[in-house]
Amino acid sequence: MKPDNRLLTILALLAGLLFLSPVLYSIWMSFQTATAYYTGGFEFTLDNYGRAIGQYNFARYLFNSLLVSGLVTLIGITVATMAAFAFARFDFPGGNLMFGAVVATLMIPSHISLIPNYLTLAGVGLLDTYAGLILPAISNGFAAFFLRQYIRGIPRALDEAAYMDGATPLKVLWRVIVPLARPAILSMGLYIFITEWNSYIWPLVAVGDQDLYTLQVGLARLYRINPGEGPIDWPLVMAASTITLLPVIAGFVLVERHLVRGITMGAVK
Amino acid sequence: MLRKLTPYLLALPLMAFIAVFTYIPILTSLDLSFREWDFMSPDRPFVGLDNYTQLLNTHEFWNALRVTALFAVISVPIRLLLAIGIASFLVRETAASRLLRGALFLPSVTSTVSIAVVFSWVFATDYGMANALLSLFGLPKITWLQSPTLALWVIIIVNTWKQLGYDIIIYIAGLQAVPTELYDAAAVDGGRRFHVFRRITVPLVMPTTYFLLVVSVIEAFQIFTIVDVMTQGGPAGSTNMLVNMLYRIGFTLFDIGQGSALAVMLFVLLIVLAVIKSRVLGRKVHYEA
């Protein structure tokens with residue numbers, strides 16, 4: 001590496017740290033006692049995490065977020081892959097119309113379904129349940145659209161060879177398409193997981209029972225309904241915020257490139 | 001026979017989800033917007049356009065429309081200008097640019113609620129980061145989030161901070177598609193950096209700019225989370241966006257009819273923008289062909 005490259009890298013690192021400094025400082029703050037924070041000192045503690053997890057139920061919220069995001073991803077990617085396979089490989093009456101309907105969901109703003117979905121779920125008694133959190137989140141056509149484009153790029157000869165050997169369509173999907181489309185499926189899975197993890201308005205509307213709060217709703221509540229009198233307990237709030245941020249940041253560091261590829265492909269298509 | 005059914009069976013689960021949770025709700029919203037209902041009472045009388053005329057007669061609606069439009073009109077150009085400027089520096093594949101891209105991109109995939117909470121602290125009057133920086137220069141404290149003139153700017157700053165990395169990534173993808181010979185030619189001509197940027201970079205990424213412009217405006221009209229956490233639409237309605245108003249009418253007041261009417265009006269507005277977007281993108285594809 002040339003010396004001026006190293007200098008540039010250091011400058012870039014500093015600029016990046018400066019840009020992220022509010023979040024970095026909030027993580028740092030979550031490890032101090034409130035007294036030290038308000039008097040300008042520093043005293044290391046894990047007590048904020050202890051209280052967030054114990055007293056303020058964040059262990060439960062973490063579990064809920066993992067469960068809901070995990071299931072939305074699993075079900076979402078499964079139905080999307082199946083549909084994408086149908087749209088990419090079969091010529092069937094109504095197929096284009098259905099694919100059009102899938103693509104059009106990308107243009108439909110989600111707020112229009114807020115009140116109706118609330119009513120639908122209330123009608124079948126699914127408000128305040130995990131199913132109520134999960135089901136409406138699956139009606140997004142982006143993954144199916146993206147995977148259909150990707151599957152069309154896989155040579156048809158591979159399917160046909162498998163059909164010659166007597167494979168059923170499901171077997172072709174599972175044995176030929178899914179392994180070859182793995183990078184795209186992983187990108188989309190990641191995309192769905194992150195979108196669902198960060199989702200706020202639907203969990204806010206669909207759930208009133210505190211034991212079903214996701215991290216997003218729990219964190220917003222903890223911040224807004226300031227526990228106790230006097231000034232906000234910022235170190236406690238930041239511990240809760242860090243619990244909410246960290247899984248995605250950790251995942252981001254591991255798979256940034258997949259994510260960027262998924263997002264730019266979606267935009268440029 | 002089964003062979004013929006196969007594609008339908010494969011597509012069925014997704015189509016069912018989309019029908020129940022995306023398409024039927026559009027019709028339900030339309031229907032409810034012509035009715036008066038509080039979610040509790042057994043009947044939902046048809047009231048024609050009453051919900052719409054009532055909404056159009058409230059100060060809250062026009063204020064929310066104005067604030068949301070203002071938010072979009074201010075924040076989108078700021079985002080795009082910053083993004084294209086930064087992207088033109090980060091387009092080369094060096095360690096430094098990859099590092100900085102990663103840092104800038106990170107907020108766009110992290111939790112909006114967390115970011116809103118962190119920035120509530122940054123802009124807190126007491127013990128906040130912004131006022132701490134001001135006091136370093138001997139400047140007085142500012143009540144950022146309690147000020148009707150400043151609160152909207154804080155929302156704009158936070159939203160820009162979160163979304164900027166996405167815009168940059170998209171611009172970089174656009175810039176990397178520009179043939180490098182054009183830059184080399186400009187360099188041979190002795191073009192200065194800003195000149196090259198204005199005369200070559202900006203015109204060549206115009207399709208990307210159109211795309212981002214429309215996507216960001218559509219997104220700006222749907223802003224909810226940052227406002228809900230940081231200001232709840234206040235102070236004095238100065239940050240009350242359309243979706244925040246929708247949430248309040250629908251889920252605090254349980255005025256299902258009026259909430260639906262508001263949802264339908266916002267829907268029509270966004271669909272018009274989305275159609276403009278597909279036209280613009282259609283043209284882009286045409287250019288490339």
Side-chain angles (χ1 to χ4, degrees), chain A residues 5 8-9 12-13 15-16 19-20 22-23 25-26 38 79-80 82-83 85-87 90 92 95 98 101-102 105 107-109 111-117 135-136 138-139 141 144 169 194 198 200-201 205 216 219-220 223 231 234 237 241 244-245 248-249 252 256 259-260 263-264 267-268, chain B residues 6-8 10-11 13-15 17-18 20-26 28-29 32 94-97 99-100 102-106 109-114 117-122 126-127 129 166 169-170 173 211 222 224-225 228-229 243 246-247 250-251 256 259-260 263 266-267 270-271 274:
Chain A
N5 274 352
L8 269 180
T9 309
L13 186 66
F19 180 75
L20 295 176
V23 169
Y25 194 89
S26 77
Y38 283 111
V79 300
M82 284 163 56
F85 178 54
F87 294 132
F90 293 86
F92 55 109
M98 284 201 240
V102 170
T105 62
M107 288 197 210
I108 295 171
H111 77 268
I112 188 81
S113 50
L114 214 52
I115 291 174
N117 284 350
L135 296 176
I138 292 162
S139 74
I194 289 178
N198 294 334
Y200 176 60
I201 192 166
V205 165
Q216 313 302 328
L219 176 61
Y223 164 62
W234 284 116
V237 172
S241 162
T244 309
L245 282 173
V248 171
I249 293 185
F252 178 80
E256 185 205 339
L259 205 63
V260 168
I263 284 166
T264 46
V268 177
Chain B
T6 305
Y8 294 99
L10 284 168
L14 180 70
M15 298 321 289
F17 274 110
I18 288 179
V20 173
F21 294 112
T22 299
Y23 283 105
I24 296 172
I26 299 173
T28 313
S29 285
L32 289 169
T94 63
S97 84
L99 199 68
L100 197 48
L104 291 165
F105 182 63
L106 186 60
V109 292
T110 49
S111 149
T112 312
V113 174
S114 276
V117 166
V118 167
F119 276 91
S120 296
W121 161 74
V122 169
D126 297 309
Y127 304 103
M129 186 175 174
Y166 171 81
I169 293 292
I170 303 293
F211 168 80
Q222 299 186 77
F224 171 77
T225 305
D228 186 66
V229 174
V243 179
L246 169 62
Y247 176 76
F251 297 98
I256 301 295
S260 299
L266 182 55
F267 176 77
L270 292 174
I271 288 296

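In what follows, chains are A, B, ... by sequence order, proteins preceding strands, each numbered from 1.
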Just so I understand: if I count every heavy-atom pair under 4.5 Å between each of [options] and chain A, which residue has the most?
options	answer
B/Ser97, B/Ser111, B/Ala11, B/Pro13	B/Ser111
B/Val118, B/Ile256, B/Asp126, B/Thr28	B/Val118
B/Tyr247, B/Tyr23, B/Phe119	B/Tyr23

inquiry  = Under the rule for ring-ring contact (aromatic ring centres under 6.0 Å, His included), what residues qualify as partners of A/Phe19, not counting sequence neighbours?
reply    = B/Trp161

Do [X] and [Y] have side chains that get closer than 4.5 Å, going by heavy atoms?
X	Y	value
B/Phe267	A/Ile108	yes
B/Ser114	A/Leu219	yes
B/Ile271	A/Pro109	yes
B/Phe211	B/Ile170	yes

[X] versus chain A, heavy atoms under 4.5 Å apart: side chain, backbone, both or neither?
X	value
B/Val243	side chain
B/Leu270	side chain
B/Leu14	both
B/Leu106	both
B/Phe251	side chain
B/Thr94	neither
B/Val122	side chain
B/Tyr127	both
B/Ile26	both
B/Leu246	side chain
B/Ile24	neither

note = CG of B/Asp228 to CD1 of A/Ile201, rounded to nearest 0.5 Å, is 7.5 Å

message = Measuring from atom CG of A/Leu114 to atom CZ of B/Phe224, what distance do you get when rounded to the nearest 0.5 angstrom?
response = 8.0 Å

Under 4.5 Å, counting heavy-atom pairs only, tell me which of [options] racks up the most with chain B.
options	answer
A/Ala80, A/Ala15, A/Ala101	A/Ala101
A/Thr244, A/Ile138, A/Ile249	A/Ile138
A/Leu20, A/Ile112, A/Leu13	A/Ile112
A/Val102, A/Val205, A/Val248	A/Val205

ask   = Non-hydrogen atoms of chain B under 4.5 Å away: do they reach the side chain of A/Tyr25, the backbone, both or neither?
value = side chain

ask   = By a 4.5 Å heavy-atom criterion (distance strictly below it), what part of A/Val79 contacts chain B: side chain, backbone, both, or neither?
value = both

Between [X] and [Y], which heavy-atom pair has the shortest distance, and what is it?
X	Y	value
B/Met129	A/Pro22	SD-CA, 4.2 Å
B/Pro25	A/Asn117	CG-OD1, 3.4 Å
A/Ser139	B/Phe21	OG-CB, 3.6 Å

query = If only atom types and distance count, is the side chain of A/Ser241 paired as donor or acceptor with the main-chain N or O of A/Val237 below 3.5 Å?
reply = no

inquiry  = Parallel, tilted or perpendicular: which one describes the rings of A/Phe85 and A/Phe90, with boundaries at 30° and 60°?
reply    = perpendicular

